[in-house]
Amino acid sequence: MPDILLLPKNVSELIAAGEVVERPSSVVKELLENSIDAGATAVTLEIRRGGITYIRITDNGCGISRKNVPAAFLSHATSKVHTAQDLNSIFTLGFRGEALASIAAVSRTEMLTRVSGEEVGTRYVIEGSVEKESADAGCPIGTTIVVRDLFYNTPARMKFLKKDVSEANSVAGVMDRIALSHPEISFRFIREGKETLLTPGDGKLANALRAVYGKGFASGMIPVDYTLNHVRVWGYISKPVHSRGNRAMQNVFLNGRYVRSATVTAAAEEAYKRSIMVGRFPAFVLNLEIPHDSVDINVHPAKIEVRFSNEKAIFDAVYYAVRGAIEKLDTRPQMDLSARRSAQAAVPVLPKAEQISMHVPQPTGAPDRELSSPPQPSEPVRREQAQPKKESFSPDSGFSIRVITPEIPHRESGGAVAARGIPPVHTEDLEAAAAPQPEKLSDPKPSVNGNPVAQKYRLIGEAFKTYIIAECGKELYFIDKHAAHERMLYEKLKAEHSTDHAQLLLKPVSVTMSKEEYSAVLEGKEILRSAGFDVEDFGQGSVLVRSCPLDLSSEDIEPLFTEVAQYLMEHRHEVEPAKLDWLYHNVACRSAIKAGDNTSGYELDRFVARLLSDDSIRYCPHGRPVLIRLTRGELEKQFGRE
């Protein structure tokens with residue numbers, strides 16, 4: 001057995017630093033928590049190159065006296081814990097005495113600090129745990145710490161850092177959470193010389209929420225404040241209609257500390273049951289205030305995971321707090337017509353003498369129809385309606401416009417078909433449909449866009465607004481219309497280069513997400529462009545989607561993008577074809593006709609024709625079958641006709 005030796009001080013410090021300092025955001029978290037513990041009311045953070053080369057944090061806290069400055073950089077040196085009993089009720093964010101020592105071990109660190117009562121401050125420089133300088137300095141009361149060249153002496157750890165923008169967004173995520181946990185402190189974040197965050201520090205969580213996530217996100221939140229069994233739960237939760245596709249915007253703070261708690265998350269989501277759709281998740285900023293001796297936060301090096309002495313009390317308090325807020329404050333959406341009325345009021349009204357009278361004449365023999373009147377399927381197509389006869393206008397007839405709508409049978413409603421990605425109706429199809437024809441049990445030569453269908457069939461109808469039923473020879477086909485349409489769109493997206501088949505949105509869609517998701521989306525802009533999305537950085541965790549695939553509705557962009565962001569964040573190292581395939585799959589799923597949608601007879605007919613013309617459409621991208629066959633023999637067995 002080899003000899004057991006005591007590790008040298010510099011090696012042991014590097015090992016300890018690895019538990020506390022993983023990346024620039026770890027440094028920022030530890031230093032910001034020290035500023036909060038020092039009683040600061042204003043904190044400024046500045047970073048360069050994602051925090052890898054430069055981090056500066058300035059606060060107006062109590063500062064550190066000159067005699068205590070060198071000791072602050074020693075391992076396990078702290079002013080917050082003195083005895084073992086103190087660990088049972090920790091009131092501060094930091095308590096282990098490892099942060100400054102770990103940071104100094106892997107960087108070039110400089111501290112400027114002064115306490116009240118000292119005429120001059122102290123400048124202290126330490127590099128790789130070795131003291132370089134300690135001298136007088138002019139500085140205000142408080143502390144400024146500058147961390148340069150992180151991991152300069154540990155190149156093996158440096159190579160695991162991500163791109164500068166990714167590290168900067170990780171730092172921004174930490175800053176967001178710290179700002180939300182302490183709305184009574186004004187936080188300022190300067191990134192590459194540009195101020196990207198400034199919270200008012202007025203103690204109002206709503207204002208901090210607006211500063212961090214923006215006005216649009218904050219407007220979809222409702223307040224929570226409830227106390228049960230000595231557990232107070234307060235903060236903001238999203239309205240059910242503003243639910244999200246993932247849990248990235250769920251923030252839990254325990255006595256002012258950001259934590260991850262499966263108990264709190266499960267309780268909140270349970271309270272949303274029967275209020276939001278399956279697969280959607282609420283966003284929330286929840287603060288829990290509980291007795292300090294009823295929680296153990298000393299279970300994880302980063303102090304993110306906690307252990308409660310009474311999990312049920314926490315679950316109940318969160319559940320009833322969230323459920324009560326939803327039932328009391330989540331009102332039905334209301335239409336605001338004030339903007340419309342004001343716009344109408346702004347239109348100038350002409351004097352009576354100058355008013356224009358107009359009358360649009362009716363074509364002879366054609367019934368007039370208001371714009372709001374739906375076409376009647378039973379009426380034949382009247383092609384002459386599209387060409388109204390010229391008639392003279394009467395100035396005394398008043399202003400009257402009536403729209404003449406050409407009628408087409410309900411089964412031939414081609415506009416909706418084209419919009420859903422099913423082969424469109426051709427003019428010759430409409431003409432043939434307009435002429436009276438005897439009903440046929442089967443199409444002798446069915447085709448889709450000129451391509452003959454492999455088999456003759458007869459469309460029977462649709463069951464449960466989900467399954468198309470068709471007869472083909474001695475078999476019945478049951479087709480899942482959503483699964484079939486999803487597969488068709490998926491194959492279409494793969495076959496066509498989506499950048500050539502994208503639609504430019506009249507109004508770009510803004511999507512707000514966590515800083516980590518935001519970073520992943522910006523990194524994946526080229527992949528998104530290949531899938532038909534034109535994405536623009538909108539700043540502070542938001543992107544603008546300016547174009548999307550043709551078959552995707554603009555209403556589906558925001559929920560889809562929350563899923564896309566989560567996927568890109570969790571699969572950064574996947575190869576590009578796998579990411580593109582996932583995007584095609586999800587766009588197809590969002591764009592496809594849903595089970596329960598009303599589908600015209602013509603659409604059902606084209607569905608069957610398209611499916612029977614391509615034998616490769618067998619499964620949807622999820623792997624579910626799109627078509628099930630039932631033979632005549634199997635059916636007759638059930639009726640004893642064999």
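The chain is numbered in sequence order, starting from 1.
- Between Tyr226 and Tyr320, the ring-plane angle classifies as tilted under the 30° and 60° cut-offs.
- For the salt bridge (Lys or Arg N to Asp or Glu O under 4.0 Å) test, residues two or more places apart in sequence or in another chain that qualify with Asp176 are Lys515.
- In terms of the side-chain contact (heavy atoms from CB on, under 4.5 Å) criterion, residue partners of Ser514 (sequence neighbours excluded) are, by chain and number, Ala248, Met249, Glu516, Glu517.
- Under the side-chain contact (heavy atoms from CB on, under 4.5 Å) criterion, Pro70 pairs with Tyr124, sequence neighbours left out.
- Applying the salt bridge (Lys or Arg N to Asp or Glu O under 4.0 Å) test to Glu192 and every residue at least two apart in sequence or in another chain returns nothing.
- With sequence neighbours excluded, the residues forming a side chain to side chain donor-acceptor pair (under 3.5 Å) with Glu269 are Arg247, Gln250, listed by chain and number.
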Can I get a per-line list of side-chain donor-acceptor pairs under 3.5 Å for residues 275-290, giving both atom names and the distance, sequence neighbours left out?
from: Ser275; atom 1: OG; to: Arg323; atom 2: NH1; distance (Å): 3.2
from: Arg280; atom 1: NE; to: Ser243; atom 2: OG; distance (Å): 3.4
from: Arg280; atom 1: NH2; to: Ser243; atom 2: O; distance (Å): 2.4
from: Glu289; atom 1: OE2; to: Trp234; atom 2: NE1; distance (Å): 3.0

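- Every residue two or more places apart in sequence or in another chain was checked for a salt bridge (Lys or Arg N to Asp or Glu O under 4.0 Å) with Arg191, and none qualifies.
- Take Glu167 and apply the salt bridge (Lys or Arg N to Asp or Glu O under 4.0 Å) test, not counting sequence neighbours, and it matches Arg23.
- Among residue pairs with one or both ends in residues 170-219, those qualifying as ring pair (Phe, Tyr, Trp, His ring centres under 6.0 Å) are Tyr213-Phe217; sequence neighbours excluded.
- Taking Pro140 as the reference, nothing meets the side-chain contact (heavy atoms from CB on, under 4.5 Å) condition, with sequence neighbours excluded.
- In this structure, the side chain of Asp556 does not engage the main chain of Leu552 through any donor-acceptor pair within 3.5 Å.
- Listed by first and then second residue, the salt bridge (charged side-chain N to carboxylate O under 4.0 Å, His left out) pairs that reach into residues 220-230 are Asp225-Arg232, sequence neighbours excluded.
- A donor-acceptor pair under 3.5 Å links the side-chain atoms of Arg114 to the main chain of Cys139, judged by distance alone.
- Side chain of Thr109 to backbone of Val147: no donor-acceptor contact under 3.5 angstrom is found.
- For Ser309 (side chain) and Ser294 (main-chain N/O), a donor-acceptor pair under 3.5 Å exists by modelled atom type.
- From Thr512, atom OG1 reaches atom NZ of Lys215 across 13.5 Å, with rounding to the nearest 0.5 Å.
- Looking at residues two or more places apart in sequence or on another chain, you find no side chain to side chain donor-acceptor pair (under 3.5 Å) involving Thr562.
- The closest donor-acceptor contact from the side chain of Thr154 to the backbone of Arg157 lies at 3.5 Å or more, if one exists at all.
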